[in-house]
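Accompanying notes for the structure given below.
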There are 2 protein chains.
Amino acid sequence: MATIQEVAKKAGVSVATVSRVLNNSHTVKETTRFKVEQAIGALNYAPSVLGRNLRNSESRLLLVLIPSISNPFYTEIINGIEDTAIHEGYNIMLCETDSNPQREAIYFNLVRNRMADGIILMDPTINRNNVLQLAETHPIVQCSEFDKEGHISYVSINNELAAYQAVKHLIKIGKRKIAFINSDEKFLYARERKAGYEKAFNEYDMSVEAKWMYNIQKLNFESGQQAMRTLLNQADRPDAVFAVSDVLAIGALKEIHASGLNVPNDIAVIGFDKISFSNMTYPTLTTVSQPMYRMGCISATMIIKKIRGEKVESMLLEHELIIREST
Amino acid sequence: MATIQEVAKKAGVSVATVSRVLNNSHTVKETTRFKVEQAIGALNYAPSVLGRNLRNSESRLLLVLIPSISNPFYTEIINGIEDTAIHEGYNIMLCETDSNPQREAIYFNLVRNRMADGIILMDPTINRNNVLQLAETHPIVQCSEFDKEGHISYVSINNELAAYQAVKHLIKIGKRKIAFINSDEKFLYARERKAGYEKAFNEYDMSVEAKWMYNIQKLNFESGQQAMRTLLNQADRPDAVFAVSDVLAIGALKEIHASGLNVPNDIAVIGFDKISFSNMTYPTLTTVSQPMYRMGCISATMIIKKIRGEKVESMLLEHELIIREST
DNA sequence: CCTCTAATTGTAATCGATTACAATAAATCT
DNA sequence: AGATTTATTGTAATCGATTACAATTAGAGG
């Protein structure tokens, strides 16, 4: 590949002038610019981002850390991030942590090593101290999941309110024995949605029963099935289920179906996230919709501001309860 | 952030020695190594990948281009790529082209600009000439979708055979009016699977009817529904459907259900890819499974070999027909 | 204690760009 | 024309690492 030196020689100018053409500085004469552009074309030259980045000490790369790309919840967020990033001249590196501390270390080092300029963090399971420490010296924003005590900016929704409204909806359609399929409570959203669930129960003087609570380990369909199986095997079976993720709710739906019960008459089901598949289930799934694309855009804007050294403020966006056939 | 110079000064050695410690050269005395490591620790130093990359003229970054991250088909492939890449000391940049030529240009330039060392290409819709031209000078491999005429290495499956077997399976369970929901035939897999479909028809002396073929535009659930709606509205409705993607098949399933027909008795359905959702539908979906994780691993290995200047050979991997409730 | 070889360490060039500052060319003004 | 200002272009330092080669130090042998 050609370098800027070769272009300069071919065009009969200095490297500085070539660089000026590249960065379209207005201080270069039209005829010179033309010569340089000819040379660039002739040599099929493209500037090395390596040299430029070293000089400017930036990489124009954003690290996006997600627990798992297979969860459709993240795809819209990522679209938002990518659109915004490209618009601002950044590219993104999408990295799946798999909640694996070794990967975490690798990816965090990409920022320490200046391979990336900042991190959009969506993986809540990552070692808290590491994150806080990294945030001391490098730009980080949290998206969706965040650390309430920390001082790291975030964009998310009001999970407690959303869960409260979802459960209240179930109560209003006459359900009282409402089961709760939750994630591991190390996740903030899990704790907050649980609080919302309990708040609704308290408001209607219903008692929160441990037997109707189930915490899954892995966020996939099978966990939802497994959870529902356990819940159905009880003497006093629930008449509704609130799952903290559509993926779990769909697994539950499947299991209810397998046991010959009807949704929503026997058991109503409500999920969370409004993933696109949630409209394809039988029956279609009632769910809580989050403004995922916007969350992505906002977190990208936030991290870029942070990289530029500007101040940013955390935000909580609006959610919406989408009532469909399953309730 | 500290630089190698500061570490050298603090440790009382030259930058060369620090570099040697960093790259654990064996020509450094144990006591010196210790001093340097102390300094590194004290300054919380991490080497800048920018400087190193410039010097080594490599980025250790692999570009992975996919049409859309929301298609679950790709997630397993990506896992394979990522695992292999990390193991070989590479990181990946996952990029969604959205089949958008502008994005294509941006991402292709990342290789030209040496921001990435090579490309794993899964987006078939990209301008063919651009790809071939880029492949002249830069490492590219194709995964899943590929260019038969080109000379670019690929890893994929035998789509024609897989489709042939799928359709034959439908014929064997007594179906004769087999509809075909296909993608745009600009895609190789679409053309090949169509060939397989026709081959099965010919073998059983069945005539391929245009009215049972439907080409979708966008690969999502809604397209599958739309396609099925059209197929059902015909006087002579099909008794089976072969869709080239589970996503489409699931949409079709939904539509069949909505029209009150039974799967598989009235209409059998078969998909392609074995995405994880396909086991959550009602009824569960018969589908063709591809070794996606392995495809990912192999394509990563191939591109890394190419980057190192080694020769690589294209491969076709084995597929498998997974028979479930929908047929 | 001195020589000679082997083991360490240091010096300085290099990768490919950007940019402050200096130098030159062109344009404007007396 | 000559002086002065302005527009263009060039020179060389710089970013942070790696590494060939030179220089130094240490160890072995006499």
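By convention in this document, chain letters (A, B, ...) are assigned in the order of the sequence lines, proteins followed by strands, and residues within each chain are numbered from 1.
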Rounded to the Å, how far apart are A:M1 CE and C:dA17 P? 9 Å
Which nucleotide wins on minimum distance to the side chain of A:T3, given the candidates D:dA17, C:dA17, D:dT8? C:dA17
In this structure, how many angstroms lie between the P atom of C:dG16 and the CG atom of B:N113, rounded? 13 Å
Pair A:E76-A:N79, side chain to side chain donor-acceptor pair (under 3.5 Å): steps then yes or no: CA-CA 5 Å; A:E76 271 300 295; A:N79 284 334; 3.2 Å; yes
With no hydrogens and no angle check, do the side chains of A:S183 and A:Y189 hold a donor and an acceptor under 3.5 Å apart? yes
Judged by each residue's nearest nucleotide on DNA chain C, which is more toward the 5′ side, B:T31 or B:L54? B:T31
Quickly work out the A:E30 CD to D:dA7 C1' distance and round it to whole Å. 14 Å
Protein-nucleotide distance (B:I4, atom CD1; C:dG10, atom P), rounded to Å: 12 Å
So if I take every side-chain heavy atom of A:N56 and compare against D:dG16, C:dT8, C:dT18, which nucleotide ends up nearest? C:dT18
Please report the interatomic distance CG(A:L110) to NE2(A:H138), rounded to the nearest 0.5 Å. 11.0 Å
Can you measure B:E58 atom CD to C:dC15 atom C1' for me and round it to whole angstrom units? 12 Å
When the rotation axes relating C1' atoms of four end pairs to the next four are compared across the helix from C:dC1-D:dG30 to C:dT30-D:dA1, five pairs an end, they differ to 10° by 50°
In residues 12-23 of chain A, what residues come within less than 4.0 Å of DNA chain C, judged by heavy atoms? A:A16, A:S19, A:R20, A:N23
Measure distances between side-chain N and O atoms of A:R55 and base N and O atoms of D:dT14, and say whether any donor-acceptor pair falls under 3.5 Å. yes
Can you tell me how far SG of A:C95 sits from CG of A:L63, rounded to the nearest 0.5 angstrom? 4.5 Å
What does B:T27 touch in the nucleic acid at a heavy-atom separation under 4.0 angstrom: a base, only the sugar-phosphate, or nothing? base
Measure the distance from CD on A:Q5 to P on C:dT18 and round it to the nearest whole Å. 11 Å
If we ignore hydrogens and angles and just use 3.5 Å, is the side chain of B:R191 paired with the main-chain N or O of B:K186 as donor and acceptor? yes
Using whole Å, what does the distance between atom P of nucleotide C:dT11 and atom NZ of B:K9 come to? 14 Å
Flag if over 12 foreign heavy atoms under 6.0 Å of NZ, B:K35: yes
Does A:N127 form a side chain to side chain donor-acceptor pair (under 3.5 Å) with A:E104? I'd like the steps, not just the answer. CA-CA 9 Å; A:N127 181 303; A:E104 164 197 325; 5.4 Å; no
Roughly, in whole Å, what's the span from NE2 in B:H26 to P in C:dA7? 9 Å
Over all heavy atoms of both residues, which pair between A:E96 and A:S68 is shortest? Give the atoms and the distance, please. OE2-CA, 3.4 Å
Counting neighbours of CD on B:E310 that are heavy atoms of other residues, nucleotides or ligands and sit closer than 6.0 Å, is the number greater than 12? yes
